Undergrad: 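One structure, as structure tokens, below. Some questions next.
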Amino acid sequence: MAGSSEDAEENWFRRFHPSPEARTRLVCLPHAGGSATFYFPVSKSLAPDVEVFGVQYPGRQDRRHEPFLTSIGAIADRVAELLRGKDGRPLALFGHSMGAMVAYEVARRLEEAGTPAEALFVSGRRAPSRQRDESVHTRTDDGVLAELRRLSGTEMDLLGDEDVVRMILPVVRNDYRAVETYRDTASTPLSTPVVAFTGTDDPVASVDEVASWAAHTTADFELVPLAGGHFFLTRHQDVILRYLTDRLVDKGRAHV
């Protein structure tokens with residue numbers, strides 16, 4: 001059974017730059033339709049001070065033959081289960097868009113298990129308490145593609161390739177279903193500090209909606225508005241990396 005556990009961990013976590021001496025591990029969760037490779041630049045920039053785990057959801061890239069998990073809770077259950085078996089190093093979570101919701105649910109599960117995360121970084125997603133009536137997952141294929149183009153979440157040249165479109169549409173539709181049917185059931189806020197990044201022109205997460213993350217923690221909260229739309233973080237990678245370094249490396253050294 002130990003072998004099975006190791007295989008499962010290898011399926012879920014991508015360590016692009018293994019850093020066994022790093023004080024902190026940062027677990028990065030992708031957006032709808034996204035994959036672990038989205039966080040390769042983060043891993044490269046933070047290693048070896050922080051070891052980055054890029055999470056690979058089932059149903060995409062090298063896991064494309066595995067069945068989807070159809071809810072945010074189901075994904076969070078599996079990620080949290082695997083993380084609880086790790087080596088005890090301080091752990092932080094980063095998620096963009098759908099990944100922010102998964103990161104939040106993983107943080108809840110870790111806290112309930114008595115191993116709270118050191119920090120939660122959320123990006124491009126309104127607070128769990130701020131719901132909108134959305135149904136992208138029920139649209140036609142053309143409707144789903146129109147939403148991808150609106151958010152510029154997928155390279156536009158790839159959307160012109162019929163084979164690529166056919167491959168990614170089931171993944172994207174499933175992810176949208178998971179996001180759009182998610183409801184927060186927490187009765188108490190986290191005790192984990194939260195930093196929320198947001199694009200000032202994001203059509204699916206206003207600055208005000210993202211600011212409401214403050215109600216989901218009893219610890220420190222910081223809102224970081226940055227110019228741009230839903231994928232503002234690709235334009236402001238240096239800014240976000242500075243925040244991550246400040247909280248995970250510099251503050252960590254100050255407490256050694």
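Being a predicted model, the structure only gives us computed values, none of them experimental. Throughout, numbering of the chain's residues begins at 1 and tracks the sequence.
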Undergrad: Could you tell me whether His17 and Phe40 have their ring centroids closer than 6.0 angstrom?
TA: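 Between His17 and Phe40, the centre distance is under 6.0 Å.
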
Undergrad: Examine Tyr104 together with Trp213 and report whether their ring centres are nearer than 6.0 Å.
TA: yes

Undergrad: If we only count heavy atoms from C-beta on, is the Phe13 to Val52 side-chain gap below 4.5 Å?
TA: no

Undergrad: Is the NZ or CZ atom of Arg63 both under 6.0 Å from the centre of the six-membered ring of Tyr57 and within 45° of that ring's axis?
TA: no

Undergrad: Any ion pair linking Glu118 and Arg247 (charged N to carboxylate O, less than 4.0 Å)?
TA: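 Salt bridge flag = no for Glu118 with Arg247.
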
Undergrad: What I'd like to find out is whether the side chain of Val224 reaches to under 4.5 Å of the side chain of His236, using heavy atoms alone.
TA: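 They are not in contact (no side-chain heavy atoms under 4.5 Å apart), so the answer is no.
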
Undergrad: Is there a continuous path of hydrophobic side-chain contacts, each under 4.5 Å between heavy atoms, that joins Val136 to Phe68?
TA: no

Undergrad: List the atom of Pro67, the atom of Pro58, and the distance in Å for their closest heavy-atom pair.
TA: O-CB, 3.4 Å

Undergrad: Mind checking whether Met101 and Val171 sit in one hydrophobic cluster, side chains of I, L, V, M, F, W, Y counted as touching below 4.5 Å?
TA: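 No, no single cluster joins them.
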
Undergrad: Flag the pair Phe16 / Tyr39 as yes when their ring centroid distance falls below 6.0 Å, and as no otherwise.
TA: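 For Phe16 and Tyr39, the ring centres are not under 6.0 Å apart.
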
Undergrad: Side chains of Arg130 and Ser212: any donor to acceptor distance under 3.5 Å?
TA: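 A pair is found: one side chain offers a donor N or O, the other an acceptor, under 3.5 Å apart.
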
Undergrad: Assess whether salt bridge (Lys or Arg N to Asp or Glu O under 4.0 Å) is satisfied between Asp77 and Arg109, documenting all intermediate values.
TA: CA-CA 7 Å; Asp77 283 342; Arg109 284 155 175 75; 2.5 Å; yes

Undergrad: Does His31 have its ring centroid less than 6.0 Å away from the ring centroid of Phe231?
TA: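 Here the rings of Phe231 and His31 have centres that are less than 6.0 Å from each other.
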
Undergrad: For residues Leu91 and Phe53: do they belong to one hydrophobic cluster (side chain heavy atoms under 4.5 Å, members Ile, Leu, Val, Met, Phe, Trp, Tyr)?
TA: yes

Undergrad: So which atom in Ser123 and which in Phe232 form the shortest heavy-atom distance, rounded to 0.1 Å?
TA: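 Shortest heavy-atom separation between Ser123 and Phe232 comes out as OG-CZ, 3.4 Å.
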
Undergrad: Any chance you could lay out the salt bridge (Lys or Arg N to Asp or Glu O under 4.0 Å) test for Asp175 and Arg60, step after step, and finish with the verdict?
TA: CA-CA 11 Å; Asp175 289 352; Arg60 65 211 69 207; 2.9 Å; yes

Undergrad: Do you know the tightest heavy-atom contact between His216 and Ser129?
TA: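 Smallest interatomic distance, heavy atoms only, reads NE2-OG, 3.0 Å.
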
Undergrad: Run the numbers on Phe197 and Tyr243 for ring pair (Phe, Tyr, Trp, His ring centres under 6.0 Å), then give the verdict.
TA: CA-CA 10 Å; Phe197 302 98; Tyr243 269 87; 5.6 Å; yes

Undergrad: Return yes if a side-chain donor-acceptor contact under 3.5 Å exists between Gln56 and Asp62, otherwise no.
TA: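 Yes, Asp62 and Gln56 have a side-chain donor paired with an acceptor closer than 3.5 Å.
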
Undergrad: Keeping His96 on the side-chain end and His230 on the backbone end, is there a donor-acceptor pair under 3.5 Å?
TA: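 Flag set: sc His96 to bb His230 pair under 3.5 Å.
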
Undergrad: Under 4.0 Å between a side-chain nitrogen and a carboxylate oxygen: does that hold for Asp208 and Arg126?
TA: no

Undergrad: Looking only at the side chains, is there a donor atom on one of Ser191 and Glu111 sitting less than 3.5 Å from an acceptor on the other?
TA: yes

Undergrad: Could you measure the distance from the CG atom of Asp246 to the CG atom of Leu248? Nearest 0.5 Å is fine.
TA: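 One finds 9.0 Å between CG of Asp246 and CG of Leu248.
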
Undergrad: Report yes or no: does Thr218 contribute a side-chain atom to a donor-acceptor pair with the main-chain N or O of Leu190 at less than 3.5 Å?
TA: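 Yes, the answer is positive, given that a donor and an acceptor are paired below the 3.5 Å cut-off.
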
Undergrad: Could you give me the CA-CA distance, side-chain angles and deciding distance for Arg89 and Glu51, then say whether salt bridge (Lys or Arg N to Asp or Glu O under 4.0 Å) is met?
TA: CA-CA 10 Å; Arg89 278 187 284 173; Glu51 184 172 55; 2.8 Å; yes

